[in-house]
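Right, I'll just put the structure down here and ask away after.
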Amino acid sequence: MSDEPDGTPADPWHTIDDLWKWLEADQPFGGREGLLLRMLKLSEEVGEVAEAVIGATGQNPRKGVTHTWQDVEAELCDVVITAMVALRTLTPEAREVFTRHLAGVANRPRGSDS
């Protein structure tokens with residue numbers, strides 16, 4: 001695997017596969033229960049995005065501003081990573097499934113300005 005000049009992996013799916021292997025090797029629950037718990041992790045991560053947005057905007061008057069927009073960015077990245085790992089948990093062909101689905105989304109009709 002070759003890395004980009006900034007040290008990030010050239011293909012994020014290699015990293016996702018490594019994370020998946022690490023999680024699979026040390027999961028306390030396997031089978032269907034482990035799969036469902038992996039999917040529920042997405043809800044936890046989305047909740048952290050909401051917390052960061054509330055904190056970045058100071059919407060909780062008791063706490064005030066507790067986060068930055070960079071915190072929101074990081075939490076959104078965690079959601080993406082968690083979703084990719086969840087997809088990898090469902091299928092070893094996660095890369096192909098995602099690529100095919102993304103192409104379908106890209107080819108959907110979009111509203112016009114007229």
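One-based numbering along the sequence shown. Hydrogens, waters and symmetry mates are skipped; everything else that's a heavy atom, side chains included, is used.
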- request: Check Asp17, Asp11, Leu19 against Thr15 for a side chain to side chain contact (heavy atoms under 4.5 Å, CB included) and give me the one that passes.
  value: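 Only one of Asp17, Asp11, Leu19 forms a side chain to side chain contact (heavy atoms under 4.5 Å, CB included) with Thr15, namely Leu19.
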message: When you measure from the side chain of Asp71 to the backbone of Thr68, do you find a donor-acceptor pair of N or O atoms at a distance under 3.5 Å?
response: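 The answer is yes, because a donor-acceptor pair under 3.5 Å joins these two groups.
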query: To the nearest 0.5 Å, what is the distance between OG1 (Thr66) and CD (Gln59)?
result: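 One gets 11.0 Å once the value is rounded to the nearest 0.5 Å.
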query: Would you call Arg38 and Glu24 a salt bridge, taking side-chain N to carboxylate O under 4.0 Å as the test?
result: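 Judged by the 4.0 Å cut-off on N to carboxylate O distance, Arg38 and Glu24 do form a salt bridge.
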query: Could you give the distance from CG (Leu35) to CD (Gln27), rounded to the nearest 0.5 Å?
result: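 Those atoms lie 9.0 Å apart.
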message: Once rounded to the nearest 0.5 Å, what's the spacing between atom CD of Glu48 and atom CD of Glu51?
response: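 Here the rounded value is 7.0 Å.
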task: Check whether Val85 and Val79 end up in the same hydrophobic cluster, where Ile, Leu, Val, Met, Phe, Trp and Tyr are linked by side-chain heavy atoms less than 4.5 Å apart.
output: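 No, no single cluster joins them.
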task: With rounding to the nearest 0.5 Å, note down the distance linking CZ in Arg88 to CG in Asp18.
output: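 If we round to the nearest 0.5 Å, Arg88:CZ and Asp18:CG are 10.5 Å apart.
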- prompt: Could you state the interatomic distance from CG (Leu87) to NE2 (His101), rounded to the nearest 0.5 Å?
  reply: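 If we round to the nearest 0.5 Å, Leu87:CG and His101:NE2 are 10.0 Å apart.
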field: salt bridge (Lys or Arg N to Asp or Glu O under 4.0 Å) involving Glu75 - partner list, sequence neighbours excluded
entry: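 By the salt bridge (Lys or Arg N to Asp or Glu O under 4.0 Å) rule, Glu75 matches no residue at all.
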Leu36 and Arg32, any side-chain heavy atoms less than 4.5 Å apart: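 The answer is yes, as the side chains (C-beta and beyond) meet within the 4.5 Å cut-off.
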- prompt: So, does Thr57 use its side chain to make a donor-acceptor pair with the main chain of Ile54 at under 3.5 Å?
  reply: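 A pair under 3.5 Å: yes.
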query: Who passes salt bridge (Lys or Arg N to Asp or Glu O under 4.0 Å) against Lys63, sequence neighbours left out?
result: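 For Lys63 there are no salt bridge (Lys or Arg N to Asp or Glu O under 4.0 Å) partners, ignoring immediate neighbours.
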message: My understanding is that only residues two or more places apart in sequence, or in another chain, count here; which of them pass salt bridge (Lys or Arg N to Asp or Glu O under 4.0 Å) with Glu73?
response: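 Expected list: none.
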- prompt: If you take all heavy atoms of Phe29 and Leu37, which pair is closest and at what distance?
  reply: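 Here Phe29 and Leu37 meet closest at CD1-CD1, 3.6 Å.
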- prompt: Counting distance only, does the side-chain N/O of Asn107 pair as donor-acceptor with the main-chain N or O of Ala103 below 3.5 Å?
  reply: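 Yes, Asn107 side chain to Ala103 backbone: donor-acceptor pair under 3.5 Å.
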field: Over 12 non-hydrogen atoms of neighbours within 6.0 angstrom of CH2 in Trp69
entry: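 Yes, enclosed.
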field: ILVMFWY network linking Val46 to Val72, side-chain heavy atoms under 4.5 angstrom
entry: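 Cluster IDs for Val46 and Val72 match.
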- prompt: Same cluster or not: are Ile81 and Leu102 linked, directly or through other Ile, Leu, Val, Met, Phe, Trp or Tyr residues, by side-chain heavy atoms under 4.5 angstrom apart?
  reply: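 Yes, one cluster joins them.
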- prompt: salt bridge (Lys or Arg N to Asp or Glu O under 4.0 Å) between Glu96 and Arg100: does it pass, once the steps are laid out?
  reply: CA-CA 6 Å; Glu96 293 80 11; Arg100 190 171 50 250; over 6 Å; no
message: Please tell me whether Ile16 and Val80 are part of a single hydrophobic cluster in this structure, the criterion being side-chain heavy atoms less than 4.5 Å apart.
response: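 Same cluster.
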task: Give a yes or no on whether Trp13 and Trp22 share a hydrophobic cluster (residues Ile, Leu, Val, Met, Phe, Trp, Tyr; joining criterion: side-chain heavy atoms under 4.5 Å apart).
output: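 They do share one cluster, since a chain of ILVMFWY contacts under 4.5 Å joins Trp13 to Trp22.
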message: Working to the nearest 0.5 angstrom, can you tell me the gap between Thr89 OG1 and Met39 CE?
response: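 It comes to 5.0 Å.
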